[in-house]
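What follows is one structure encoded as structure tokens, with my remarks underneath.
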Amino acid sequence: MTSGTAALQERRYRILVTGYAISSYGTFLNVVALSLYVYAVTDRALAVGVFMAVRLAAGFVAGLASAAVLARWSPKGVMFWANVAQAAALLLLVLAPDGFRTGTLFAVSAVVGASGTLFMVTLRSSIPDMVGEGRHTWANSLMVSGRSMAMVAGFASSGVVVSLLGYTAAFLVDMATFLVCALTVLLLPMPMSPARGNEEKDSQGKDVEGSQGSQEEGADGQGRRRDGRRRVPAALVALGAVPVLGLMVALRGIDALGSSSHNAALPVYSTELDADNPAVFVSVFWCVWALGNVLVQQVLQRYTKRTGRSVGALGFGLGTIAMSGTFILAFAGLPWAATVLVALLAGAADGLTEVSYTSHLQTLPSPLRTHAFGLSATVENLGFGVGMIVVAAALDVFTPLSVVGVAHGAAIVLAMVYVARVLRGRGAQEAGEAQETHEAHEAQEAVPASEAREGKQGKQVEQGEQGKGESGAGPARGGHRDGAEVSGG
């Protein structure tokens, strides 16, 4: 790849990340504005819970279906229409008559949940094709940095936007952010049409397909039906394609359950600290968390550029342990200064786990990569959804510290098992490589004595010829050196 091509890829990816960050702002503004609007329309707290459940369920289903969607449509098309669908749903909500708003709200919840999941699965699985080999960590760090800053901006401004401008203005702002992201997707140098229409043609006008594509589709479409029946097994194949990947995805699901615990417990804990201004602790915590997340991305980018290495699977396990531990400490009633430091470390660890996890899954081949990210999204939605239900009930009985401690404690235990498995796998690999090196060395030393004697005799004859003729430069000298190496073996 030429430097000009790499620079063009990087520039277009930066534009896409900018659009993604803008749409992420809309997403997090959405979370607050839509939840408040559901309660305002229905006047029931249960409706807010059902609204979130519908959103998570739609994301769960979208994660399962993402591989099938990407098998039929290009990544660019999926990302574009995922943003357009969310914008259209919000416009429908704005235009809906009063009597239809409740039903429209839950339809919007389903569309936003499914489309958001499809977009993220497609983006993460397509990054290796967008930025090229060796740039995964940089690309993932840039993506996570943009989302972290957008999250803080979305949460921080949601109350102001809703209070000063109203719900309609908030929904229109959300809609505009998704349209901006859709426009940045259009700038990608990727086809919009389905993959079947992107076949190259040779000089005779015949279709030229890769062997993989031919095997997957087949002339009569039977391959697509066979692939359709094997979508779930293909996801299981993806789990077995990389060592400890299944445990990695499971840990990601438990981590999502832990995330649900601190998300639900933060408002409760903040109210206990200051009942008159409960938003202060939450706002400060998330702002410092985002700062830690952004700072660690800068460190990761420089580390990768300097060493050419990524943090990898081990970084994901260690980062999960650090992240869960710091989130538990955040509810321990520490002084403000210590809590700010804990929030900074929590954001840094969270950013580390996100980049290392995504980068590791991106090492899979393209078809398995899509299945792995789809399955991961499904597991994450399941963990977060179940966690929100369990945690909400537990917070009525137990303290925030105990609830968060149990949820994140489970993540720490599984992460320790995961780290042990990764280290054991590395040890076995290093032992195997050492054994191969030893065997190769023994094979070199096992030269028959007769061959060694013949090498010495040849060396003496060659030296005698050199004494009669040339002075030992050029090929004759090289022969002398080679003979010395053989005899010395």
Side-chain angles (χ1 to χ4, degrees), residues 124-125 127-128 131 133-145 148 238-259 292-329 344-365 368-369 372-373 375-376 379-380 383 408-437:
R124 288 173 175 173
S125 61
I127 282 177
V131 300
E133 193 68 29
R135 299 286 284 164
H136 302 174
T137 299
W138 167 81
N140 293 324
S141 294
L142 193 65
M143 177 186 68
V144 173
S145 297
S148 298
L239 291 181
V242 175
V244 301
L245 184 59
L247 186 58
M248 195 178 205
V249 173
L251 177 56
R252 190 69 171 174
I254 299 298
D255 176 41
L257 187 147
S259 296
N293 201 311
V294 173
L295 288 176
V296 82
Q297 304 312 324
Q298 303 305 313
V299 174
L300 286 175
Q301 290 179 29
R302 284 167 173 74
Y303 170 78
T304 304
K305 185 177 182 179
R306 186 178 69 253
T307 64
R309 301 170 59 187
S310 61
V311 289
L314 183 60
F316 170 68
L318 295 176
T320 301
I321 293 172
M323 178 186 63
S324 294
T326 49
F327 270 119
I328 293 173
L329 289 176
L344 188 73
L345 294 175
D350 208 347
L352 174 65
T353 58
E354 175 74 16
V355 172
S356 57
Y357 178 77
T358 304
S359 298
H360 196 66
L361 261 63
Q362 286 167 350
T363 60
L364 290 168
L368 293 181
R369 187 166 68 232
F373 275 110
L375 184 61
S376 174
V379 171
E380 290 175 51
H408 275 294
I412 291 175
V413 171
L414 186 57
M416 293 176 67
V417 174
Y418 168 80
V419 169
R421 288 283 303 275
V422 171
L423 292 176
R424 188 168 61 193
R426 286 191 175 186
Q429 182 180 4
E430 291 174 357
E433 291 174 353
Q435 180 66 23
E436 291 178 0
T437 303

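These numbers come from a predicted model, not from an experiment.
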T363 vs R369, side-chain contact (heavy atoms from CB on, under 4.5 Å): CA-CA, chis, key distance, verdict: CA-CA 8 Å; T363 60; R369 187 166 68 232; over 6 Å; no

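- Residues L414 and L247 are in side-chain contact: their nearest non-hydrogen atoms beyond the backbone lie under 4.5 Å apart.
- Judged by distance alone, with hydrogens and angles left aside, the side-chain atoms of Y418 form a donor-acceptor pair with the main-chain N or O of A313 at under 3.5 Å.
- Remark: F316 CZ to M323 CE distance equals 7.5 Å, nearest 0.5 Å.
- A distance of 11.0 Å separates NE2 in H408 from CG in L329, rounded to the nearest 0.5 Å.
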Atom pairs and distances, donor-acceptor, side-chain atoms in residues 248-259, under 3.5 Å, two or more places apart:
| unit_1 | atom_1 | unit_2 | atom_2 | d |
| --- | --- | --- | --- | --- |
| R252 | NH2 | E354 | OE1 | 2.4 |
| S259 | OG | D255 | O | 3.1 |

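- D350 contributes no side-chain N or O that, together with a main-chain N or O of A346, makes up a donor-acceptor pair within less than 3.5 Å.
- In this model, a donor atom of one side chain and an acceptor atom of the other lie less than 3.5 Å apart for S141 and Q297.
- Considering CG of N140 and CH2 of W138, their distance stands at 10.0 Å, rounded to 0.5 Å.
- Using a 4.5 Å heavy-atom cutoff, the side chains of V296 and V355 are not in contact.
- Between L364 and A372, the closest heavy-atom pair is CD1-CB, 3.5 Å.
- In terms of heavy atoms, G315 sits closest to S356 at C-OG, 3.9 Å.
- Side-chain contact between T137 and Q301 is absent, with no heavy-atom pair separated by less than 4.5 Å.
- Remark: L314 engages L318, V419, V422, L423, R426 in a side chain to side chain contact (heavy atoms under 4.5 Å, CB included) (not counting sequence neighbours).
- Across all non-hydrogen atoms, the minimal contact from L361 to S376 is CD2-CB, 4.3 Å.
- Looking only at atom types and distance, the side chain of Q362 has no donor-acceptor partner in the side chain of T358 under 3.5 Å away.
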Could you walk me through whether I328 and I412 pass side-chain contact (heavy atoms from CB on, under 4.5 Å), step by step? CA-CA 11 Å; I328 293 173; I412 291 175; 4.1 Å; yes

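- Contacts classified as salt bridge (Lys or Arg N to Asp or Glu O under 4.0 Å) and involving residues 310-323 (residues at least two apart or in different chains) are not found.
- Contact detail for I321 and A415: the closest heavy-atom pair is CG1-CB, 3.5 Å.
- In terms of heavy-atom proximity, T353 sits nearest to T320 at CG2-N, 3.1 Å.
- Annotation for V294 and S145: closest pair CG2-O, 4.1 Å, computed over non-hydrogen atoms.
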